[in-house]
Amino acid sequence: MITGLAARMAERAAADRRLLLRRGAWTLLVLAVLAGLAWVLLFSPLLALDAERIKVDGVADPVDPATVVAVVEDEVGTPLLRVDTAEVAGRIAEIPTVREAQVSRSWPDGLAITVVPRVPVAAAAATDGGWVLVDADGVQVATAAEVPEGLPEVTVPLTSSEETAPALDAVLTVLGVLPEELLGQVAQAGATTPEQVMLTLDDGATVRWGSAEESELKAEVLAVLREEPAGVYDVSVPRTPTTSA
C-alpha cells in the first residue's frame, strides 16, 4: 500500500513537472513572439519611414510642399512607431507660411501630413521698398514688388511700436473676418488707433469700422448696407449703422 501511494505521488510529481515545463515553454514562446514583434515595430527597417511615402495635403500658395517634406527628411529610415508625429507637426508649423499642421502615421511605412497655409489678408509697405504680405495674425507670409490684386494696403502709425502694434492688430483682425467677396472690395485699410479702423473700398467709399470688437456682426451689417450706394458707411455701432453721401 505504501509502495502504491509512493508511485501515485511520483506520477503526480512527474505530471506537475511536465505541466510546469509546458507552461514554461509557452511563456518563452509568448515572450519570443512579443520580442520579435517589438523588434519589428521599433527597430526593424521593414516598417521604417520611406521618403516616397510622405504625403502632403492642403498645400497651396504660398506653402512650398518641398519645404514641408524637407522638415521630415531626418525621420526617413526611422521605424514608424518611433516617429513622434506631434513633434514633427510642431516643426512643420514653424514654417512661416504654415498656420498649423497635422501628422499621422500611414502604415506600413508612410506619413500623412495635412497643412493649413497662412493666407495673406493685407499688404504693408516694406522699409526697404516693395510690400510685405501679412496674414490675420500679422505674420509675414511673403514679399512682393507690387500689391497683389485683391489685397488691401495697410496703413498704421509708424511713430512707435507702442502705437503701431495695437493699430495693426486691430486692422488685421477686421480684415481676417471679412468674407472673401467683401475683402476683395477693400483697397486700403488703416487705423490711427485700435478704436479707429477705417476701410477704403475700391469704388472710393469709406467705411468707418471703429474698433475690432463685434467685427463679425459689422461685416454682416456692411454687406447689407452695400446693397445701396453711399460715400460713407458707418458700422462702428453695428446695431445703429448709418450711411451718408
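Residue Glu213 qualifies as open at atom CD: its count of foreign heavy atoms under 6.0 Å is 12 or below. Other residues, nucleotides and ligands contribute more than 12 heavy atoms inside 6.0 Å of the CD atom of Gln140.
Taking OG1 from Thr242 and CZ from Arg208, the interatomic distance works out to 7.5 Å, rounded to the nearest 0.5 Å. Atom CD1 in Ile95 sits 8.5 Å away from atom CG in Asp64 (nearest 0.5 Å). The CG atom of Leu111 lies 12.5 Å from the NZ atom of Lys55; values are rounded to the nearest 0.5 Å. Once rounded to the nearest 0.5 Å, the distance linking CG of Leu49 with CG of Asp109 reads 7.5 Å. How far CD of Gln185 is from CG of Asp203: 7.5 Å, rounded to the nearest 0.5 Å. For the atom pair CD of Gln196 and OG of Ser236, the computed distance is 10.0 Å after rounding to the nearest 0.5 Å.
Under a hydrophobic clustering in which Ile, Leu, Val, Met, Phe, Trp and Tyr are joined whenever their side-chain heavy atoms come within less than 4.5 Å, directly or via other members, Val237 and Val177 fall into different clusters. With hydrophobic clusters built from ILVMFWY side chains whose heavy atoms lie under 4.5 angstrom apart, Leu172 does not share a cluster with Val141. When the side chains of ILVMFWY residues are joined at heavy-atom separations under 4.5 Å, either directly or via intervening members, Val224 and Leu201 end up in two distinct hydrophobic clusters. In the hydrophobic clustering of ILVMFWY residues, with side-chain heavy atoms under 4.5 Å counting as a link, Val71 and Leu80 come out together. Cluster annotation: Val186 is connected to Leu217 through the hydrophobic network of ILVMFWY side chains, with a link wherever side-chain heavy atoms come within less than 4.5 Å.
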Evaluate the criterion side chain to side chain contact (heavy atoms under 4.5 Å, CB included) for residue pair Val154 and Trp131; output intermediate values, then yes/no. CA-CA 10 Å; Val154 171; Trp131 297 86; over 6 Å; no
Derivation of the side chain to side chain contact (heavy atoms under 4.5 Å, CB included) call for Val197 and Val207: CA-CA 9 Å; Val197 176; Val207 180; over 6 Å; no
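For the pair Glu220/Pro238, no side-chain contact is recorded, criterion being any heavy-atom separation below 4.5 Å from C-beta on. Contact check for Lys218 versus Ser211: side-chain heavy atoms found under the 4.5 Å cut-off. Considering only heavy atoms from C-beta on, Asp74 comes within 4.5 Å of Arg91 through its side chain. The shortest side-chain heavy-atom distance between Tyr233 and Val221 does not fall under the 4.5 Å cut-off. Contact annotation: the side chain of Val119 never approaches that of Asp135 to less than 4.5 Å [non-hydrogen atoms, C-beta and beyond]. The shortest side-chain heavy-atom distance between Val76 and Ile54 falls under the 4.5 Å cut-off. Looking at Pro65 and Val115, their side chains never come closer than 4.5 Å, going by heavy atoms from C-beta outward. Taking the side chain as every heavy atom from C-beta outward, Arg53 and Ser106 approach each other to under 4.5 Å.
In terms of heavy atoms, Ala101 sits closest to Ala89 at O-CB, 3.6 Å. Shortest non-hydrogen contact noted between Leu151 and Ala122 is CD2-N, 4.0 Å. Taking both residues in full, the closest heavy atoms of Thr78 and Arg82 are given as CG2-CB, 4.0 Å, listed atom of the first, atom of the second, then distance. Taking both residues in full, the closest heavy atoms of Ser215 and Trp209 are given as OG-NE1, 3.3 Å, listed atom of the first, atom of the second, then distance. Closest approach of Ala167 and Ala191 over heavy atoms only: CB-O, 3.9 Å. Residues Leu175 and Val121 approach most closely at CD1-O, 3.8 Å, considering heavy atoms.
Using a distance-only test at 3.5 Å, with no hydrogens or angles considered, no donor-acceptor pair links the side chain of Arg118 to the main chain of Val139. A donor-acceptor pair is defined here as one N or O able to donate and one able to accept, closer than 3.5 Å; no such pair exists between the side chain of Arg105 and the backbone of Thr85.
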